[in-house]
Amino acid sequence: MSDDEQQTQPAPRRGKVLEALARAERKVFTRPAPKSPKAQVEFLLTRVKGSTKAVAERLGASRRTVERYRAGKVTKPQKRLQAALVEATESEWQPQVRARARQQASTSSGMVVEVTAYFGFACKGSSDDGRERQITTDISPFYTQQILQLQEAGATEEELHPIVAEAITESYFTDWGTRAAGLRADFTHVSTIEFRF
């Protein structure tokens, strides 16, 4: 495949829940990630011991393209490559800071979720039809740990929805198990979602 063919491929898209988790992790960075394509490529090369082949495979570009960015000969990547550079750089940036935030959220503090989505309900004797709701609520460390483990394991958006819905049901709809026993809420058509550690 030529450089032109590789650079015209569409950028990979993640779902809204996965994007929101990535944004939450970026908010805990103590220093900004590299912004220029040259700095991003140089950083990625340090993570793979200078292997242009490994960086090229990760970005979906040729080795020659990576070498041109490292040398500063090309400074304006196409949209797909720019998105791949940002994604790869931010996923590798400050791993210890991210790990510390994830560990704290999984064991003691949990997360906050703010979501606008269509919630449908299943409960014995329920007459409450589903509808779009805007909800901001805490998620317990138990569910936070499950969500983060699924994310690390490479779960899809569809695999994350049930556990996020269960976490929201526990904290918001059943008030940590003190009311509406047996209620199960599912959410679909997520308009917006944000997580905070």
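Throughout, numbering of the chain's residues begins at 1 and tracks the sequence. Atoms considered below: every heavy atom in the structure, side chains included; atoms not considered: hydrogens, waters and symmetry mates.
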- request: Look up atom CZ in Arg23 and atom CG in Leu18, then write down how far apart they are to the nearest 0.5 Å.
  value: 10.5 Å

Nearest non-hydrogen partners of Pro34 and Thr89, listed with the distance: CD-CG2, 3.6 Å

- request: Given side chain to side chain contact (heavy atoms under 4.5 Å, CB included), test Val74 with Thr65 step by step and report yes or no.
  value: CA-CA 8 Å; Val74 182; Thr65 300; over 6 Å; no

message: Show the nearest heavy-atom pair for residues Pro77 and Tyr69, with the distance to one decimal.
response: CA-OH, 2.9 Å

Qualifying residues under side chain to side chain donor-acceptor pair (under 3.5 Å), relative to Thr52, sequence neighbours excluded: Arg63

task: Would you kindly confirm whether Val86 and Val66 end up in one hydrophobic cluster when ILVMFWY residues are joined by side chain heavy atoms under 4.5 Å apart?
output: no

message: Under the salt bridge (charged side-chain N to carboxylate O under 4.0 Å, His left out) definition, can you give me all pairs with a residue in residues 50-60, not counting sequence neighbours?
response: Arg58-Glu92

- request: Answer yes or no: is there a side-chain heavy-atom contact under 4.5 Å between Gln40 and Gln82?
  value: yes

message: Ignoring hydrogens, what is the shortest heavy-atom contact between Glu90 and Ala33? Give both atom names and the distance.
response: CG-CB, 4.2 Å

Qualifying salt bridge (charged side-chain N to carboxylate O under 4.0 Å, His left out) pairs, either residue in residues 31-41, two or more places apart: Lys38-Glu42

Residues which pass ring-ring contact (aromatic ring centres under 6.0 Å, His included) with Phe195, listed by chain and number, not counting sequence neighbours: none

message: Tell me the closest heavy-atom pair linking Leu59 and Ala88, and the distance in Å.
response: CD2-CB, 4.1 Å

- request: Can you see which heavy atom on Ala167 is nearest to which on Ile139, and at what distance?
  value: CB-CG2, 3.7 Å

- prompt: Phe119 vs Phe187 aromatic rings, parallel, tilted or perpendicular, using cut-offs 30° and 60°?
  reply: tilted

- prompt: Rounded to the nearest 0.5 Å, what separation is found between the CD atom of Glu87 and the CD atom of Glu19?
  reply: 7.0 Å

- request: Compare all side-chain heavy atoms of Arg196 with those of Thr136 and state whether any distance is below 4.5 angstrom.
  value: yes

task: Only counting residues at least two apart or in another chain, list the ones meeting side chain to side chain donor-acceptor pair (under 3.5 Å) with Thr169.
output: none

query: Under the side chain to side chain donor-acceptor pair (under 3.5 Å) test, which residues partner Thr174, sequence neighbours left out?
result: none

query: With sequence neighbours left out, what residues match Tyr143 under ring-ring contact (aromatic ring centres under 6.0 Å, His included)?
result: none

- prompt: Could you give all pairs that pass the ring-ring contact (aromatic ring centres under 6.0 Å, His included) test and reach residues 31-59, with sequence neighbours left out?
  reply: Phe43-Trp93

task: Report yes if some heavy atom in the side chain of His161 is under 4.5 Å from a heavy atom in the side chain of Val190; otherwise report no.
output: yes

task: Give, for atom CD1 of Ile193 and atom CD1 of Ile168, the distance between the pair rounded to the nearest 0.5 Å.
output: 6.0 Å

- request: Enter the distance from Glu170:CD to Asp138:CG here, rounded to the nearest 0.5 Å.
  value: 10.5 Å

- request: Mind checking salt bridge (charged side-chain N to carboxylate O under 4.0 Å, His left out) for Glu67 and listing every partner two or more places apart, or none if nothing turns up?
  value: Arg64

Quick one: side chains of residues 106-115, donor-acceptor pairs under 3.5 Å with protein atoms, not counting sequence neighbours, listed by atom name and distance.
{"residue": "Ser106", "atom": "OG", "partner": "Arg102", "partner atom": "O", "Å": "2.9"}
{"residue": "Thr107", "atom": "OG1", "partner": "Gln103", "partner atom": "O", "Å": "2.8"}
{"residue": "Ser108", "atom": "OG", "partner": "Gln104", "partner atom": "O", "Å": "3.2"}
{"residue": "Ser109", "atom": "OG", "partner": "Gln104", "partner atom": "O", "Å": "3.4"}

query: Which heavy-atom pair separates Pro95 from Arg47 by the least distance, and what is that distance?
result: CG-NH2, 3.7 Å

message: Under the rule for side chain to side chain donor-acceptor pair (under 3.5 Å), what residues qualify as partners of Ser36, not counting sequence neighbours?
response: none

task: Verify, without hydrogens or angle tests, whether Glu157 (side chain) and Lys16 (backbone) share a donor-acceptor contact under 3.5 angstrom.
output: yes

query: Could you go step by step and tell me if Leu148 and Phe197 meet the side chain to side chain contact (heavy atoms under 4.5 Å, CB included) rule?
result: CA-CA 11 Å; Leu148 295 175; Phe197 288 115; 4.1 Å; yes

- prompt: salt bridge (charged side-chain N to carboxylate O under 4.0 Å, His left out) with Glu166: which residues, sequence neighbours excluded?
  reply: none

- request: For Arg80 and Gly60, indicate whether the former's side chain and the latter's backbone hold a donor-acceptor pair under 3.5 Å.
  value: yes

- request: Would you mind reporting whether Val17 and Ile147 have side-chain heavy atoms less than 4.5 Å apart?
  value: no

